[in-house]
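FYI, side chains are in, hydrogens and waters are out, and symmetry mates aren't considered; it's all heavy atoms of this structure.
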Amino acid sequence: EEILKQAAADVLGVDCFDEGEFLQRVDHIEACPNKLLSFVFKGGRTADCYWKDRSRSESWTPQMKDKARQNALRRHVK
């Protein structure tokens, strides 16, 4: 979801995703092969954006990292 929000902000030319502006300006998004997103604006204009996977480490919250650490410690103690 964060990848999609960042892509939308990029094609809208704003620093961060704004749901109100997105709904006002974008009609729909087409997901195409090879990680291409085609944003179709109201009025017909389109803008393409290639999305990039985040690394696994970037997607983990501090809580998720701590839980994984605790599980690893339990496995090694047994």
CZ-CG distance between R69 and N71, expressed to the nearest 0.5 angstrom: 10.0 Å

Reported CG-to-CG distance for the pair D18 and L12, which is rounded to 0.5 angstrom: 8.5 Å

Euclidean distance, K67 NZ relative to Q70 CD, rounded to 0.5 Å: 9.0 Å

Residue pairs, two or more places apart or on separate chains, that pass ring-ring contact (aromatic ring centres under 6.0 Å, His included) and touch residues 13-34: F17-F22

Exercise: identify the closest heavy-atom pair between F41 and V26: CE2-CG2, 4.0 Å

Salt bridge (charged side-chain N to carboxylate O under 4.0 Å, His left out) partners of K35, counting only residues at least two apart: D53

Hydrophobic cluster membership, Y50 vs F39, 4.5 Å side-chain cutoff: no

ILVMFWY network linking L23 to V40, side-chain heavy atoms under 4.5 angstrom: no

Pairwise side-chain contact, I29 with L4, heavy-atom cut-off 4.5 Å (strictly under): yes

side-chain hydrogen bond (donor to acceptor under 3.5 Å, both in side chains) contacts in which one or both residues fall within residues 36-45, not counting sequence neighbours: S38-D48

